[in-house]
*Asks:* 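One structure follows; several queries about it will come next.
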There are 2 protein chains.
Amino acid sequence: MANRKPTISDVARVAQVSEATVSRALRGIQSVDPILVARVEAAAERLGYTPNPVAQDLRFGSSRAIGIMVPDLANPYFGRLVRAISRAATAKGYRTLLSDTGENPDEELGALGTLARHVDGVVMCSPRMSDSNLSQAAKLFQPLVMTARLSRGVGITSVAVDSYRDCGELIGQLHKLGHRRLVFVSGPEHSWQNAERARAVIDSGAFGMHCDVVAGGTEIVDGYKAVDLALEANPTVIVAFNDILAIGVYEALRERGVAIPRDVSVASFDDISIAAHLTPALTTVRSPREEIGQRALDALMALIKEEEVPATHSLTAEVVMRESTGPALQIDEQSTRL
Amino acid sequence: MANRKPTISDVARVAQVSEATVSRALRGIQSVDPILVARVEAAAERLGYTPNPVAQDLRFGSSRAIGIMVPDLANPYFGRLVRAISRAATAKGYRTLLSDTGENPDEELGALGTLARHVDGVVMCSPRMSDSNLSQAAKLFQPLVMTARLSRGVGITSVAVDSYRDCGELIGQLHKLGHRRLVFVSGPEHSWQNAERARAVIDSGAFGMHCDVVAGGTEIVDGYKAVDLALEANPTVIVAFNDILAIGVYEALRERGVAIPRDVSVASFDDISIAAHLTPALTTVRSPREEIGQRALDALMALIKEEEVPATHSLTAEVVMRESTGPALQIDEQSTRL
DNA sequence: CTCGGTTCAGATATCGATTTCTAGCCTATC
DNA sequence: GATAGGCTAGAAATCGATATCTGAACCGAG
């Protein structure tokens, strides 16, 4: 960019002082003769000089940039998260490098390596990375913060909601509404969040919730396709891994003439902006993206300054009950329906 | 990152050669004694040496990074676009710096300046920037490509769909369905795309379409709020600036008991992934994000290499007719409804 | 009047990598 | 056998900015 930018020596020549004086004058870091300061400032102004950040980075040994790794920007959830992190970084004078890892978790480690060389630290939103890759990443690239997953024991600072607890909370509320037969439409296979939510689902059997898990995925159609199998279990409520899947579930249920929430309730996770505006409005567990982004960045800044940072920041998501969940059908009602 | 990375002189010391030889050996750019090459490679391997990209950037005078400016990552449309650009850049060995300009178009120029210093070129997705800021940006930061807007005459290479033509195409198809009263729910105030679509709407009066424009915005609620005013015009079809607004329009219509498409048809622009899965499936004008991203990056690469590049790349969007549009109500049918 | 101390501008080393310059050595040819 | 030419490896310059070192000027005090 900016093919022939003026350098500090151009300014020095014009102002007829040394380069060192230009640097001092412009940064106000030491006392310099006001006359010289004025000359330097005038020269810099006239030439349109701004210090070359690459040279500064080399000198300071820091790039004042952070990296963000994100699996899928097309998902508004990650879009919001990236925005939150990026803004927090900008507020601290850091730039943001983005790395979209796409569908292949295998390349993540390599992409991280490339990214890491250019930045002072990385925030990973990589819920699907395997534990072994994760701990290897932790060894190789240190100022590192995870989001979208709590990684206890791997030695990576992580900021995320406790998906197990939050899912349990949701199921508890569904239980109060009388639901006893639940189907969970799962998310991406290796996702930590998915594992946690599925675990919560299964554990809820302890208080009398009959649960099944059917395979979902990451796209709307994955939710759509899961519905046939889900309905075989005769559920009173379907819980999807996230709002994207729930949209597919909505569509499939509607096509089959199953009314929400009269016949089957639907709930999911994330609370992307569309959730509240679907018909019926979707019950979902809102994860505090802005807060996650802010806390993740704070933790990263602390790590960069080599301060002590708690290993895990566990945030609380909020169950937002909307119209897609209602009282469970009684058994006899349900059988007449079929 | 990586607190104390080995440098080239560490490798040189271990391999007992000069730094110059290390550089030559590792890059294979000149003939070097194979014995020394082996020594250097072994040393580099052992130390885990990779060249410091900041130093390389300084030396080469290029950062091998591009910048992307984007107004709103929470909008899945921009998420997809950023992903497309970012992947194309990665494929060419370029990194991606992201700048989320947020709501205030005033800061865009400043943010662009900051971004521009760090990269070899910038892709702007800034449909709302004023023409004067735009031409100023074009002067200050040259390798620059616009998307989401065709800027003829401003001297910025742009890659976008021709919104005027595409909107005309959509209206033509609605006209064939018998629609004669249309309301356009507009997008962000200073958006070029919005201006073009509104212009197409107004010009369609020429072939007997009665049109009104009501103020919308960028969020779902903006579409929601616009509906009351829109219905006053008694339209047979509501066209929203984008799919996000259309979601709000859906919600409001449903609350008012207006059936889509029986009573009123709805159409919009973008074709974000949710559009096809709404009920009814949303008729929309699909803009080819992947192609826009790829072409924008190609154009930027060409500019960086100082090749000649056509000023505007005009792509074609595709009208995707789905269930939300149907034949217009006849006048008498409509009056019985009210 | 001179000496010690302070202040400030310029010269220089530095960050890490690459490239040009240079010197030495080997070979080939007359 | 001597000189010219071709290679190769090391020394040094370079990219642009900043921090440290150095030297000069100026101040006040003895």
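Proteins get letters first, then strands, A, B, ... in listed order; numbering begins at 1 in each.
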*Asks:* Quickly work out the B:Glu19 CD to C:dC15 C1' distance and round it to whole Å.
*Replies:* 12 Å

*Asks:* How many whole angstroms separate atom CG of A:Asp57 from atom P of D:dA19?
*Replies:* 14 Å

*Asks:* Picking from D:dG16, D:dG10, C:dA17, which would you name as closest to the side chain of B:Ser18?
*Replies:* D:dG10

*Asks:* Measuring from the side chain of A:Ala55 (C-beta onward, heavy atoms only), which nucleotide among D:dG16, C:dG10, C:dA17 has the closest atom?
*Replies:* D:dG16

*Asks:* Tell me the interatomic distance from A:Arg59, atom CZ, to C:dA17, atom C1', rounded to whole angstroms.
*Replies:* 16 Å

*Asks:* Please check this pair: side chain of B:Ser63 against backbone of B:His118, looking for a donor-acceptor N/O pair closer than 3.5 Å.
*Replies:* yes

*Asks:* Please work out if A:Asp33 contacts a base, only the sugar-phosphate, or nothing of the nucleic acid, heavy-atom cut-off 4.0 Å.
*Replies:* sugar-phosphate

*Asks:* So A:Arg24, base contact, sugar-phosphate only, or nothing? Heavy-atom distance under 4.0 Å.
*Replies:* base

*Asks:* Tell me whether the side-chain N/O atoms of B:Tyr49 come closer than 4.0 Å to OP1 or OP2 in C:dA17.
*Replies:* yes

*Asks:* Given atom CD of A:Gln16 and atom P of C:dG10, what is their separation to the nearest angstrom?
*Replies:* 10 Å

*Asks:* In whole angstrom, give the distance that lies between atom CG of A:Leu26 and atom C1' of D:dG16.
*Replies:* 14 Å

*Asks:* Starting at atom CD of A:Gln56, determine the distance to atom P of C:dG16, rounded to an integer number of angstrom.
*Replies:* 16 Å

*Asks:* Which nucleotide wins on minimum distance to the side chain of B:Thr7, given the candidates C:dA17, D:dG16, D:dA12?
*Replies:* C:dA17

*Asks:* Stepwise, does the side-chain contact (heavy atoms from CB on, under 4.5 Å) test hold for A:Arg24 with A:Val40?
*Replies:* CA-CA 10 Å; A:Arg24 283 189 284 249; A:Val40 169; over 6 Å; no

*Asks:* Atom NE2 of A:His118 to atom P of C:dA17: distance rounded to whole Å?
*Replies:* 13 Å

*Asks:* Ignoring the backbone of B:Asn52, work out which of C:dT19, C:dG16, D:dA17 is nearest its side chain.
*Replies:* C:dG16

*Asks:* Would you kindly give the CZ-to-C1' distance between A:Arg117 and C:dA17, to the nearest whole Å?
*Replies:* 11 Å

*Asks:* Are a donor atom and an acceptor atom from the side chains of A:Thr7 and A:Ser9 found within less than 3.5 Å of each other?
*Replies:* yes

*Asks:* Between D:dT18, D:dA17, D:dA12, which one does the side chain of A:Phe60 approach most closely?
*Replies:* D:dT18

*Asks:* Any donor and acceptor pair, going by atom type alone, linking the side chain of B:Arg117 with main-chain N or O of A:Thr50 inside 3.5 Å?
*Replies:* yes

*Asks:* Nearest to the side chain of A:Leu58 - C:dA17, C:dC15, D:dA17?
*Replies:* C:dC15

*Asks:* I want to verify a distance call: between C:dG10, D:dA17, C:dT19, whose nearest atom is closest to the A:Val17 side chain?
*Replies:* C:dG10

*Asks:* I'd like to know if the side chain of A:Arg39 and the backbone of A:Ala15 have a donor-acceptor N/O pair within less than 3.5 Å.
*Replies:* yes

